[in-house]
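Down below is the structure, laid out as structure tokens.
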There are 2 protein chains.
Amino acid sequence: MATGRTHRPATRSRGIPEATVARLPLYLRALTGLSERSVPTVSSEELAAAAGVNSAKLRKDFSYLGSYGTRGVGYDVEYLVYQISRELGLTQDWPVVIVGIGNLGAALANYGGFASRGFRVAALIDADPAMAGKPVAGMPVQHTDELEKIIKDNGVSIGVIATPAGAAQQVCERLVAAGVTSILNFAPTVLSVPDGVDVRKVDLSIELQILAFHEQRKAGEESAAAEAAPLPPAARAAGQADRKGPDGDVPAVMPA
Amino acid sequence: MATGRTHRPATRSRGIPEATVARLPLYLRALTGLSERSVPTVSSEELAAAAGVNSAKLRKDFSYLGSYGTRGVGYDVEYLVYQISRELGLTQDWPVVIVGIGNLGAALANYGGFASRGFRVAALIDADPAMAGKPVAGMPVQHTDELEKIIKDNGVSIGVIATPAGAAQQVCERLVAAGVTSILNFAPTVLSVPDGVDVRKVDLSIELQILAFHEQRKAGEESAAAEAAPLPPAARAAGQADRKGPDGDVPAVMPA
DNA sequence: GTATGTGAATGAATTCACAGCG
DNA sequence: CGCTGTGAATTCATTCACATAC
């Protein structure tokens, strides 16, 4: 996804596919659950079900990490938890800063899952001077002026941006200049960053739009003939009509 | 991702690839920006830059929607905005309920981007009786008991789950039973749903873990001599199953 | 007998590169 | 010409199916 390109293929990289990396946290969570219930071993089948993927995929994923299972038996839960944690870099501590302490930023600061696994909120930063000093999630908000100092003093390499869209790029640049190399962006903007910096984005409205797309298709599905046509003027029903020229039916909304 | 099984492989479906659908909202946002600045047309190159993708991909994406551009010129901004909106189903109104009005749920309720584009928060629902009636984002929180009635009265087909993990599956089942067919899940759990229901998940801690993975790799990249990884604290039992390594040689970050 | 690990087969997404249209 | 639209080539991901090891 938004993973920065340009990682040398030259060096014998571990070569774990990105899609696999994205699933490791899922496996880890499922395993943690089993671990808490003191389950000693799992089969790929069981673990896959718990993680919501299919077992072939899971086995293939694990095969990139090494041979951590036992044929005829399954995987040792504790051992796998450790191996995946290590692979993900969760055996070390990652100080994180959250920039933009509005509704969302505050919610993130309060989010428990944050601290749980290797991540520690090192600071909350906001541009509003009125916020400075106010405690959020038991931690005083600091002013943006301190950003560079905070990053350096705490050795922060991961930053979370929860500012309004307009401020995001600028905040991003300051974070990067101060040494942050991974950014989780909640602002609805495309961030541009130099090579070597990873950006991942979380965007509510994008997710909703994707759902709406599928939802719409469901609605038009059964009633292919039935006129369940949406409201818009250009009600070319979501059927099988293959579009070609826009010339035919021009929506009212359009400037011809 | 968590998109439910394919519907109708038989019929000549519109066949827009999932990856393309996931990018349409991005294009739409970029286009909206241009539209506000009254830019009349864009080339694939410019638009791609604004959306953070490459131009070949963008053109291919658009080709699934139809031929909406003009060779030698580019795309008409307003026209494209309309076409993509329609494709995504945003020309209609989608009532949405948010279940679980804690920190996150409240933040989501207050999130502006929600209402902006076709989505309307129809109700906020929480299981805590103490919350009932309290206004959040200018709207009274309703009790879970009302869930079914709310869904039906408002014709809600999209639900947002922002409850604690433990409650998510149960809430999900009630939503689905009441008629919801698309779910956006913020709870850190795998939801199981019947066929025909789409689930998308947004998970902060997964995103952070993916960043940590890359971050770790960056750190170990130049200096192969990091620190010696300790043996698993609880790696009893499976002692013999020592990893044989993906490629048989020594992994970069590992103790030699 | 049972469940892993993995080549081989299939399928999806991206990128290339250029024909064709305005 | 310039820029779209798209087959063809390529890369990436998933699934199959079975030899392999316990």
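Letters A, B, ... are given to chains in the order of the sequence lines, protein chains preceding strands, and every chain is numbered from 1. Just so it is clear, the values below take in all heavy atoms, side chains as well, and ignore hydrogens, waters and symmetry mates.
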Less than 6.0 Å separating the ring centroids of A:Phe62 and A:Tyr68? no
Contact under 4.0 Å: B:Asn54 side-chain N or O vs C:dT15 OP1/OP2: yes
Among the candidates D:dT14, D:dG7, C:dC18, find the nucleotide nearest to the side-chain atoms of A:Tyr64. D:dT14
If I take atom CZ in residue B:Arg71 and atom P in nucleotide D:dC3, what distance separates them, rounded to the nearest angstrom? 14 Å
Establish, with yes or no, whether the OP1 or OP2 oxygen of C:dA3 is under 4.0 angstrom from a side-chain nitrogen or oxygen of A:Tyr68. no
Atom CD of B:Glu45 and atom P of D:dG5 are separated, to the nearest Å, by 14 Å
5' precedence on DNA chain C between A:Lys60 and A:Val73 (nearest-nucleotide basis): A:Val73
Assign each of B:Arg59 and A:Thr20 the nucleotide of DNA chain D bearing its closest heavy atom; nearer the 5' end lies the nucleotide of B:Arg59
Got more than 12 heavy atoms from elsewhere within 6.0 Å of CD, B:Gln169? yes
Using atom CG of A:Leu58 as one end and atom P of C:dG5 as the other, report the distance to the nearest whole Å. 10 Å
N/O donor-acceptor pair under 3.5 Å between B:Trp94 side chain and A:Leu211 backbone: no
Go through it in stages, so that I can follow the logic: the residues are A:Asp203 and B:Arg29, the test is salt bridge (Lys or Arg N to Asp or Glu O under 4.0 Å), and I'd like the CA-CA distance, side-chain angles, deciding distance and then a yes or no. CA-CA 12 Å; A:Asp203 193 315; B:Arg29 176 184 297 155; 2.3 Å; yes
Of all the choices, D:dG5, C:dT4, C:dT6, which nucleotide is nearest to the side chain of A:Ser43 once you look at every atom? C:dT4
In whole angstrom, give the distance that lies between atom CD of B:Gln83 and atom P of D:dT4. 17 Å
Rounded to the nearest 0.5 Å, what separation is found between the OG atom of B:Ser44 and the CG atom of B:Leu58? 6.0 Å
A:Tyr75 near the nucleic acid: base, sugar-phosphate alone, or nothing, with a heavy-atom cut-off under 4.0 Å? sugar-phosphate
Here's a test of your reading of the structure: between A:Ala19 and B:Ser44, which maps to the more 5' nucleotide of DNA chain D? B:Ser44
B:Leu65 atom CG is separated from D:dT6 atom P, nearest whole Å, by 11 Å
From CG of A:Leu47 over to P of C:dG5, roughly how many Å is that when rounded to an integer? 12 Å
Measure CG/A:Asp61 against P/D:dC16 and give the value in whole Å, please. 15 Å
Just how far, in rounded Å, is P of C:dA9 from NZ of A:Lys57? 21 Å
